[in-house]
Amino acid sequence: MKWKTLESESLFSSGLFSMRADRCELPDGRIMPRYYVMDFPDWVNILPITKEGEAVMVKQYRHASQNEHLELPGGSMEPGAENSSLEAARREMLEETGFDSKNIVYIGSHYPNPALQSNRMHTYIAFDCEKVQEQNLDEFEELDVYKCTLQQLKKHLYNGDIDHSIMIASVSMALKYLEKKSQELKDLHL
């Protein structure tokens with residue numbers, strides 16, 4: 001069922017974002033004259049959990065929505081700058097929250113918007129996190145650290161307090177992972 005790309009035309013490129021128009025042949029032979037694709041590097045996010053069992057999140061204003069959103073620390077992988085999504089997730093956690101961990105687990109990935117975007121979102125959980133530094137934010141980045149219990153995190157998800165769809169997917173994946181592991185991790189209070 002895969003489409004065959006016959007031609008690809010670059011329309012725009014700026015920093016970590018580019019847009020192209022592909023001319024594609026569908027499996028039944030029809031030709032799609034222009035299918036628009038936005039190319040981004042893969043993204044990462046991470047759910048830090050402190051030794052006390054608190055989730056460490058961030059509250060961040062997003063200009064396109066004109067709202068503040070409750071999110072996991074995360075960001076874009078820089079092509080060629082990182083060896084892995086794990087390194088990028090750890091870097092983002094440290095920069096955005098000041099927390100670090102030696103016990104980080106990969107829980108999976110998903111596509112933010114496969115209809116238009118080519119990238120994946122890689123999601124991690126960091127256990128036994130400790131604050132090791134102050135935030136080290138990018139020049140135009142403004143966000144506040146927010147801590148809550150894992151039960152409160154569940155409530156935030158179910159009550160709609162987390163309204164950023166990528167975060168809904170990643171937090172849901174993280175909670176599912178934690179619930180599966182709850183027998184081993186009895187102190188998480190899920």
Side-chain angles (χ1 to χ4, degrees), residues 2 5 8 10-22 35-49 55-65 68-146 153 157 162-178:
K2 188 173 180 177
T5 303
S8 189
S10 177
L11 302 174
F12 176 80
S13 183
S14 178
L16 296 176
F17 164 73
S18 64
M19 186 170 183
R20 68 177 197 267
D22 291 345
Y35 192 95
Y36 297 97
V37 177
M38 293 182 281
D39 289 313
F40 294 92
D42 282 2
W43 299 335
V44 296
N45 61 28
I46 187 165
L47 172 60
I49 301 174
V56 181
M57 302 188 67
V58 295
K59 290 183 178 180
Q60 184 167 359
Y61 173 78
R62 298 294 189 176
H63 185 66
S65 70
E68 184 178 74
H69 298 275
L70 185 56
E71 303 179 356
L72 298 177
S76 186
M77 291 180 63
E78 297 174 31
E82 266 101 26
N83 293 328
S84 71
S85 59
L86 170 62
E87 288 177 24
R90 186 169 184 225
R91 178 200 72 219
E92 290 293 331
M93 174 176 62
L94 194 58
E95 287 177 1
E96 293 185 2
T97 68
F99 282 81
D100 198 9
S101 169
K102 292 184 173 112
N103 184 7
I104 301 175
V105 177
Y106 181 74
I107 59 168
S109 68
H110 54 90
Y111 289 93
N113 184 355
L116 299 172
Q117 295 172 215
S118 61
N119 63 316
R120 294 178 74 91
M121 169 63 81
H122 301 279
T123 301
Y124 290 85
I125 298 176
F127 295 96
D128 303 320
C129 292
E130 294 181 290
K131 185 158 182 173
V132 297
Q133 69 178 43
E134 294 305 312
Q135 290 175 302
N136 184 20
L137 303 175
D138 295 336
E139 181 181 5
F140 297 106
E141 198 171 33
E142 292 181 356
L143 49 88
D144 295 316
V145 173
Y146 172 78
L153 176 61
L157 179 66
I162 299 172
D163 60 357
H164 183 308
S165 62
I166 294 170
M167 296 304 141
I168 292 169
S170 292
V171 169
S172 295
M173 288 171 63
L175 289 173
K176 182 178 179 182
Y177 176 89
L178 292 170

Would you say the side chain of [Y] lies within less than 4.5 Å of the side chain of [X], judging by non-hydrogen atoms?
X: Tyr177; Y: Thr123; value: no
X: Leu70; Y: Met167; value: no
X: Met77; Y: Ser85; value: yes
X: Leu72; Y: Tyr124; value: no
X: Thr97; Y: Val58; value: yes
X: Ile162; Y: Leu153; value: yes
X: Asn136; Y: Leu94; value: no
X: Leu157; Y: Ile168; value: yes

Point-to-point distance, once rounded to the nearest 0.5 Å, from [atom1] of [X] to [atom2] of [Y]:
X: Met93; Y: Leu47; atom1: CE; atom2: CG; result: 10.0 Å
X: Met57; Y: Lys59; atom1: CE; atom2: NZ; result: 10.0 Å
X: Leu178; Y: Phe127; atom1: CG; atom2: CZ; result: 5.0 Å
X: Leu11; Y: Met38; atom1: CG; atom2: CE; result: 11.5 Å

Please name all residues satisfying side chain to side chain donor-acceptor pair (under 3.5 Å) with [X], sequence neighbours left out, ordered by chain then number.
X: Ser65; result: His69
X: Ser118; result: Asp39
X: Glu68; result: none

Non-neighbouring partners of [X] that pass salt bridge (Lys or Arg N to Asp or Glu O under 4.0 Å), sequence neighbours left out:
X: Asp163; answer: none
X: Glu92; answer: none
X: Glu95; answer: Arg91

Review item, side-chain donor-acceptor pairs of residues 104-112, under 3.5 Å, at least two apart:
from	atom 1	to	atom 2	distance (Å)
Tyr106	OH	His122	ND1	3.0
Ser109	OG	Arg120	NE	3.0
Ser109	OG	Arg120	NH2	2.4
His110	NE2	Ser170	OG	2.9
Tyr111	OH	Arg120	NH1	2.7

Partner set under ring pair (Phe, Tyr, Trp, His ring centres under 6.0 Å) for [X], not counting sequence neighbours:
X: Phe12; value: Phe17
X: Phe99; value: none
X: Tyr61; value: none

| message | Does anything in residues 99-116 form a salt bridge (Lys or Arg N to Asp or Glu O under 4.0 Å)? List the pairs, not counting sequence neighbours. | response |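 Qualifying pairs, neighbours excluded: Arg90-Asp100.
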| message | Per the salt bridge (Lys or Arg N to Asp or Glu O under 4.0 Å) rule, what does the pair list look like for residues 134-143, sequence neighbours excluded? | response |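 As it turns out, the salt bridge (Lys or Arg N to Asp or Glu O under 4.0 Å) pairs with a partner in residues 134-143, which skip direct neighbours, are Lys131-Glu134.
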| said: Given 3.5 Å as the limit, does a donor-acceptor pair link the side chain of Ser13 with the main chain of Ser18, or not? | reply: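 Such a contact is absent between Ser13 side chain and Ser18 backbone.
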| query | If every non-hydrogen atom of Ser8 is compared with every non-hydrogen atom of Arg20, which pair is closest and at what distance? | reply |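 That closest heavy-atom pairing would be OG-CD, 3.2 Å.
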